[in-house]
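In what follows, a structure is listed as structure tokens, so that the remarks can point back to it.
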Amino acid sequence: MASHRSSPDLKPEQPLLPVALDPGLNHAEAMVFRRHLAAWYLRHARELPWRGVSDAYRTWVSEIMLQQTRVAAVIDHYDRFLRLFPTVVALALAPEADVLAAWSGLGYYRRARMLHKAAQFIVETLNGAIPESSAELRKLPGVGEYTSAAIASIAFGESIAVVDGNVERVLLRVTGRPEEATAAGRAFIQRQAAALVPHKARTPGKNAPGDHNQAMMELGATICLPRAPLCLHCPVFDVCRTRGEHLTPPRAKQRSETVAFLLSTRKKAQGVEVLLEQRDHAASLMAGMYELPPLPLDAVEDREPILRLRHSITNTNYYVEIYAAEGTHDRRLRRAVPASKDVLSWQRVARLHELPLTGLARKVLHRIDVLSVGGLNTPRNIHVAAP
DNA sequence: GAGGCGTGGGC
DNA sequence: TGCCCAAGCCT
């Protein structure tokens with residue numbers, strides 16, 4: 001690196017960096033922040049299934065599930081996933097389709113594939129031991145900056161800051177810095193977060209860094225909310241420079257679209273079956289997963305759906321209509337399905353929970369009571385009146 | 001570095 | 001029924 005001193009006769013082409021304007025917390029503010037946050041977390045931490053467990057595998061699974069996913073959705077899947085795959089070895093040995101089936105409804109299915117791959121890597125090359133440092137964890141597929149820091153601090157007490165969407169929002173509001181999607185903006189947040197993390201605990205049973213990181217996220221998730229922050233309940237109100245007001249860039253626009261799917265069932269000796277379509281293995285979206293056969297809208301113009309619901313995928317709000325074809329009687333609707341025969345198959349409803357269903361298919365089949373939660377019940381009442 | 005990848009809650 | 005997002009990662 002060259003010297004930063006410039007010769008006096010050299011005219012600077014750009015103004016000097018506005019170092020004096022760096023709005024980070026000073027040392028005293030950081031101390032107050034950390035102490036108040038810790039006290040608050042002790043009293044207000046939610047009881048969540050993955051809290052208070054001392055099993056790095058479980059921490060890892062929970063953190064992968066929590067990526068861009070709401071706590072409530074994770075709670076719905078976490079216990080069942082761990083019953084099916086209680087150890088990293090069990091996960092590594094399972095067929096990928098089983099892992100996807102257990103993930104059905106959580107979204108971002110690549111996470112499940114990468115989790116599965118990482119488990120196989122751990123078993124085959126690391127003797128089944130989950131790496132204990134953030135640097136080593138970072139090498140696993142599906143484990144990035146956030147997740148490596150989260151697992152290392154929560155499961156192993158490493159003193160490293162996690163920065164997720166919650167932490168970023170909290171730190172932007174506390175410091176008053178406007179949100180900007182630039183390297184400088186991210187570096188600022190990273191510096192602030194790092195300055196707040198406690199040292200690794202020496203007392204056995206204590207985990208100051210892990211608790212602090214979870215407290216930061218908990219604050220963002222329950223108090224420092226995106227829309228209407230609950231500032232009067234905030235433990236760091238005293239040191240907050242904005243108290244809820246901060247600048248954010250405009251968000252991407254949303255689209256809306258109407259789509260239709262076919263619900264076709266038949267009765268066999270072994271039980272009721274439903275017609276499903278398997279998505280292309282090369283599809284970018286939900287590759288290889290099963291869904292109800294899509295119908296062209298012009299094939300259903302004169303009909304009434306048995307079910308309407310909303311389903312959003314990334315930037316698109318889908319208004320979904322489900323049309324029923326009973327047994328083999330309704331051939332016209334059945335023939336309107338554009339899919340080729342080799343991607344269509346009849347699946348026994350009693351075994352649907354073993355299939356990697358898309359979230360929408362799962363939701364529809366559940367809604368009309370073909371598939372109950374967990375897939376344990378036998379089907380009943382397939383004919384449902386339109387709402 | 002931008003864009004792709006799912007879903008459901010809430011107003 | 002429109003819109004905003006939530007404990008990110010990979011390419």
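First the proteins, then the strands, lettered A, B, ... as listed; each starts at 1. All of these numbers come straight from a predicted model, not from anything done at the bench.
- In this structure, A:V167 reaches neither bases nor backbone, as no heavy-atom distance under 4.0 Å exists between it and the strands shown.
- Atom P of nucleotide B:dG8 and atom OH of A:Y318 are separated by 14 Å, given to the nearest angstrom.
- Comparing A:N317 and A:S284 by the nucleotide of DNA chain B whose heavy atom lies nearest to each, the residue mapping closer to the 5' end is A:S284.
- Protein atom CG of A:L360 is 10 Å distant from nucleotide atom C1' of B:dT7, rounded to whole Å.
- Taking the side chain of A:H311 as heavy atoms from C-beta on, and the options C:dC9, B:dT7, B:dG6, the nearest nucleotide is B:dT7.
- Minimum atom distance to the side chain of A:R70 is reached by B:dG9, of the listed C:dG8, B:dG9, B:dG6.
- Residue A:L66 is the one, among A:P141 and A:L66, whose nearest nucleotide of DNA chain C lies closer to the 5' end (criterion: closest heavy atom).
- Only one option out of A:S153, A:S148, A:S134 pairs with A:E158 in a side chain to side chain donor-acceptor pair (under 3.5 Å); it is A:S134.
- In this model, the phosphate group of C:dC10 is not approached by any side-chain N or O of A:Y108 to a distance below 4.0 Å at OP1 or OP2.
- Of the candidate nucleotides B:dG6, C:dC10, B:dG10, B:dG10 has the atom lying nearest to any side-chain atom of A:R310.
- A distance-only check finds no donor-acceptor pair linking the side chain of A:R51 to the backbone of A:A45 [under 3.5 Å].
- The side chain of A:Q67 sits closest to C:dG8 out of B:dT7, B:dC5, C:dG8.
- Just one of A:R266, A:R348, A:R351 meets the salt bridge (charged side-chain N to carboxylate O under 4.0 Å, His left out) condition when paired with A:E273; it is A:R266.
- One distance of note links NE2 of A:H116 with CG of A:D98; it measures 8.5 Å at 0.5 Å rounding.
- At a threshold of 4.0 angstrom between heavy atoms, the contacts of A:L48 include nucleobase atoms, whether or not backbone atoms are also involved.
- A gap of 23 Å separates the P atoms of C:dC3 and B:dG6, to the nearest Å.
- For the pair A:T69 and C:dG8, the criterion of a side-chain N or O lying under 4.0 Å from OP1 or OP2 is not met.
- A:R46 comes within contact range of at least one nucleobase, with a heavy-atom separation under 4.0 Å.
- Among the atoms of the strands shown, base atoms are found under 4.0 Å from some heavy atom of A:L106.
- Among the heavy atoms of the strands, none lies under 4.0 Å from A:W103.
- Among the heavy atoms of the strands, none lies under 4.0 Å from A:S62.
- Taking side-chain N and O atoms only, A:Q68 has a distance below 4.0 Å to OP1 or OP2 of C:dG8.
- If A:G142 and A:G220 are placed on DNA chain C by their nearest nucleotide, the residue sitting closer to the 5' end is A:G220.
- Comparing A:T182 and A:R227 by the nucleotide of DNA chain B whose heavy atom lies nearest to each, the residue mapping closer to the 5' end is A:T182.
- Listed nucleotides: B:dG1, B:dC5, C:dC10. Nearest to the side chain of A:M114: C:dC10.
- Of the candidates B:dC5, C:dG2, B:dG4, the closest approach to any side-chain atom of A:Y319 belongs to C:dG2.
- The cationic group of A:R243 lies under 6.0 Å from the six-membered ring centre of A:F237 and within 45° of the ring axis, placing it in a cation-pi geometry.
- The base of B:dG8 sits within donor-acceptor range of the side chain of A:S312, with an N or O pair under 3.5 Å.
- The cationic group of A:R308 does not satisfy the cation-pi geometry with A:Y319, failing either the under 6.0 Å distance to the six-membered ring centre or the 45° limit from the ring axis.
- Closest contact between the side chain of A:R186 and the listed nucleotides B:dT7, B:dG1, C:dG8 involves B:dG1.
- Proximity of A:K363 to the phosphate of B:dT7: no side-chain N or O atom is located under 4.0 Å from OP1 or OP2.
- Nucleotide B:dG6 holds its C1' atom 7 Å from the CE atom of A:M286, rounded to whole Å.
- The residue A:Q214 sits apart from the nucleic acid: no heavy atom pair falls under 4.0 Å.
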